[in-house]
Number of protein chains: 2
Amino acid sequence: MSRVTIADVATAAGVSKTAVSFAFNNPERLGQATLERVLGVAQDLGYTPHPAARALSMRRSGTIGVLIPQRLSTVFANPFVSELIQGLGEQCEEHDLTLLLVPPLDGSLEGAIRQASVDGFISLGLSPDDRALEVLDRIGIPTVLVDSESSPSHPSINVDDEGGAEAAARHLLELGHRQLAIIVLPPARAQVNNTPTAARRLSGYQKAIRAAGAPEPYPVVAGISVAAGARAFESLPRGKRRPTGVLAMSDMAAIGVMSAGQAAGLRVPEDLSVVGFDDVPASAWTNPSLTTVRQPIIDKGRLAARLLIQLMKGKTVESPAPLHTSLVVRNSTSSPADSDLPIRRR
Amino acid sequence: MSRVTIADVATAAGVSKTAVSFAFNNPERLGQATLERVLGVAQDLGYTPHPAARALSMRRSGTIGVLIPQRLSTVFANPFVSELIQGLGEQCEEHDLTLLLVPPLDGSLEGAIRQASVDGFISLGLSPDDRALEVLDRIGIPTVLVDSESSPSHPSINVDDEGGAEAAARHLLELGHRQLAIIVLPPARAQVNNTPTAARRLSGYQKAIRAAGAPEPYPVVAGISVAAGARAFESLPRGKRRPTGVLAMSDMAAIGVMSAGQAAGLRVPEDLSVVGFDDVPASAWTNPSLTTVRQPIIDKGRLAARLLIQLMKGKTVESPAPLHTSLVVRNSTSSPADSDLPIRRR
DNA sequence: CCCAATCCTTAAACCGTTTTAGTAAAACGG
DNA sequence: CCGTTTTACTAAAACGGTTTAAGGATTGGG
């Protein structure tokens, strides 16, 4: 009743286990006749090599792990991950690899890492002092960092967050906005400090705002979801200090702000301009369509996988230069209605 | 330089391998003093059990596989999967399981199945005669079918596709539409026949259309992506036989039809009404927002994982009744402009 | 002082593969 | 006819853990 093993096949075919193994992995080392017999018997018995046994023996599992810093249910609510997986997946399929999603188990990412039988890891948004990275180092498993900080020990892949954010802020300022709010990404794991990504975007926003001599922006922390964005809108200042423009660090939050704003009777963009970040596909279909900072998410995934695969082959790889970001101007931004600048509605 | 094994720890701590194993898995079987010493040494050496070895020995890997019938890059372009994973993930995290994505490798899902070291599988949208299912049976691994057909050998989870589709079609017909087009889902794998899901939805549409005595609808096959939906719009009949309403089997395709239609100068819904299927979150934000058939995707994932976990515990489980679907009426549907019914724009 | 019970600890078997280091027989060259 | 290759196959040793069955102290009771 239990699983058919290589020994069963060997006995049935009247050969050694080695021969059976060769039949599958080294067919040229067997005689024509035996090869066919063994394969035939294996087929009849429905033999399938035990993956774990194979992984143990070959020291490779054919799987790469994606280290996810938060719960799957929150992370996969953001299309960002879907897109990243599209990029990763393309490379995986090309190299016969499968993809293991590794979220924190029991709150512990470290524990999850240990449990995972993978040949390499892609980590998402870990800050460089995260204890999970120590574990990875200790195990000595190839790792590529995505949306982290460049690290001496692992190649890391980033986009020009600061430049993109700066362009976004400058866009609003040039439209005549002065009073801005910033929707800040929450820390990736229950830690005090921001993710490196959030820090870089924040710095880009601030750089542009200072250069323009505009007042300090109002910061709100909000999760990467439409609902969180909507809540963020509620906590924006009212009255005189009401921001006319919102810089969101994610498209999902931006969409939340837009719809909450519209539900509260504001016109977007006339009364409230909103800029997102990421340019997930959905931002092109929203009402109004979302002005946002585009980052090449699929490319990012593809590149990350490609580097990891190099690493797994034993090659050494350098961190590539940050990928390019660009502002995509759509219909969620315009000059503020009360601005003295001409209203340039697109 | 190589990995720290249990034997290294044992030697360093002056105990047997067994003692080290007990220290982690059966601490109560060790004396206070040795326990602490062993754990200390393990910590210092940075010992981490080899997952594959563990999996081989314990006959469980702590992973469940998601069988994906198509390339990751196409499947993850559809938010449907993201949502399903949110449901699956919730249960996985609760039971300390990780999630392995298993797409076809080298075009072969069967091969990928063999390679995957998992304790159970969740299969998506396989038709019941798919050869992959044979492999699963042969290996004798617990399996739950999602969006398939109910099978004697595996529990399967479905929603009331037919009822939902019927409601969608009836909605358009009641608004006064006569000439309808149907965007049919493509077959999941390179096979001739439709997926069971597509078949059930089609049957629902047709049932309503026949009941209303409307003319045969015009069918177009299109992939589950916005681009595919847009292409589908292009291939719709023009002139007299132009459909005034489109029934799409996925929200993504529906969104594609809408935007292609708008780009071609049609007003949605006045000139063209569109109904989607799934009710992915994005369909609430589109312009206009999308009327669609809601299915509880997250619940579906949660339920599938729950059943699989039962199955893995050795319990026997029955296929639950199809989950409920309901029509969500938003702004992409109205009476056709040239209808003799009053235009009831919502 | 002996026997049994209790507590720790361990040697050895096992999980199911791959791989190394052969061996026996056949083929070959001179 | 005799080494030397080549061919076809195999026994045994990894791989790195867990688990079973048993062994050796230590303790307590009689």
Side-chain angles (χ1 to χ4, degrees), chain A residues 1-39 41-42 45-63 114-119 138-141, chain B residues 1-39 41-42 45-63 114-119 138-141:
Chain A
M1 179 58 223
S2 99
R3 189 181 180 111
V4 178
T5 78
I6 199 173
D8 299 332
V9 178
T11 320
V15 294
S16 70
K17 294 193 301 176
T18 313
V20 180
S21 178
F22 281 166
F24 287 99
N25 310 317
N26 259 335
E28 72 281 2
R29 292 194 53 176
L30 250 41
Q32 190 54 245
T34 19
L35 175 58
E36 281 170 10
R37 179 159 40 96
V38 170
L39 289 180
V41 171
L45 265 48
Y47 166 67
T48 279
H50 192 299
R54 203 153 204 274
L56 176 59
S57 189
M58 298 183 65
R59 291 178 197 77
R60 93 164 225 133
S61 61
T63 299
R114 288 188 234 271
Q115 181 170 135
S117 177
V118 301
D119 299 331
R138 157 149 54 237
I139 305 182
I141 195 168
Chain B
M1 181 57 226
S2 98
R3 192 181 177 110
V4 178
T5 79
I6 199 173
D8 300 332
V9 178
T11 321
V15 294
S16 70
K17 292 194 304 175
T18 313
V20 180
S21 177
F22 281 165
F24 287 97
N25 310 316
N26 258 334
E28 71 282 2
R29 292 195 52 177
L30 251 39
Q32 190 53 247
T34 20
L35 175 58
E36 282 169 11
R37 179 160 39 96
V38 170
L39 289 180
V41 171
L45 264 49
Y47 167 67
T48 278
H50 191 300
R54 203 154 203 275
L56 175 59
S57 187
M58 299 182 66
R59 293 175 191 77
R60 90 163 228 133
S61 61
T63 299
R114 287 187 234 271
Q115 181 171 135
S117 178
V118 301
D119 299 331
R138 158 146 56 235
I139 305 183
I141 195 167

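In what follows, every chain begins at residue 1, and chains take the letters A, B, ... in the order their sequences are listed.
Straight-line distance from the CZ atom of A:Arg54 to the P atom of D:dC15: 18 Å, rounded to whole Å. Straight-line distance from the CZ atom of A:Arg3 to the C1' atom of C:dT17: 11 Å, rounded to whole Å. Between B:His50 atom NE2 and C:dG16 atom P there is a gap of 17 Å when expressed in whole angstrom units. Spacing between atom CZ of A:Arg114 and atom P of D:dG17 amounts to 13 Å, rounded to whole angstrom units. D:dT18 atom C1' lies 8 Å from atom CZ of B:Phe22, rounded to whole Å. The CD-C1' distance, from B:Gln32 to C:dC8, rounds to 13 Å in whole Å. Residue A:Leu30 contributes atom CG, which lies 11 Å from atom C1' of D:dT10 at whole-angstrom precision. When rounded to the nearest whole Å, the span between CG of B:Asn26 and P of C:dC7 equals 15 Å.
Taking 3.5 Å as the limit, the base of C:dT17 and the side chain of A:Ser57 contain a donor-acceptor pair of atoms between them. Remark: the A:Thr18 side chain and the D:dA11 base include a donor-acceptor N/O pair separated by less than 3.5 Å. Scanning atom types as modelled, no donor and acceptor separated by under 3.5 angstrom connect the side chain of B:Lys17 and the base of C:dT10. The base of C:dT9 sits within donor-acceptor range of the side chain of B:Arg29, with an N or O pair under 3.5 Å.
At least one side-chain heavy atom of B:Arg37 sits less than 4.5 Å from a side-chain heavy atom of B:Val15. Between B:Pro51 and A:Gln115, the closest side-chain pair of non-hydrogen atoms is not below 4.5 Å. Inter-residue side-chain proximity for A:Asn25 and A:Arg54 is flagged as met; some heavy-atom pair is nearer than 4.5 Å.
Residue B:Ser21 is in base contact, counting any heavy-atom pair closer than 4.0 Å across all strands shown. Residue B:Leu56 is in base contact, counting any heavy-atom pair closer than 4.0 Å across all strands shown. Using a 4.0 Å heavy-atom distance criterion, A:Thr48 is classed as a sugar-phosphate-only contact.
Between B:Arg37 and A:Met58, the one whose closest nucleotide on DNA chain C sits nearer the 5' end is B:Arg37. In terms of position along DNA chain C, the nucleotide closest to B:Gly31 lies nearer the 5' end than the nucleotide closest to the other residue of the pair B:Gly31 and B:Ala53.
Between the NZ atom in B:Lys17 and the CG atom in B:Asp8 there is a gap of 11.0 Å [rounded to 0.5 Å]. Distance check: B:Gln32 CD to B:Leu30 CG gives 10.0 Å after rounding to the nearest 0.5 Å. Atom-to-atom distance recorded for A:Arg138:CZ and B:Leu45:CG is 10.0 Å, nearest 0.5 angstrom.
Contact check, B:Thr34 against C:dT9: a side-chain N or O comes under 4.0 Å of OP1 or OP2. OP1 and OP2 of D:dG16 both lie 4.0 Å or more from every side-chain N or O belonging to B:Tyr47.
Across all strands shown, C:dG30 pairs with D:dC1; the Watson-Crick or G-U wobble distances both stay below 3.5 Å.
Minimum atom distance to the side chain of B:Val15 is reached by C:dT10, of the listed C:dT17, D:dG17, C:dT10.
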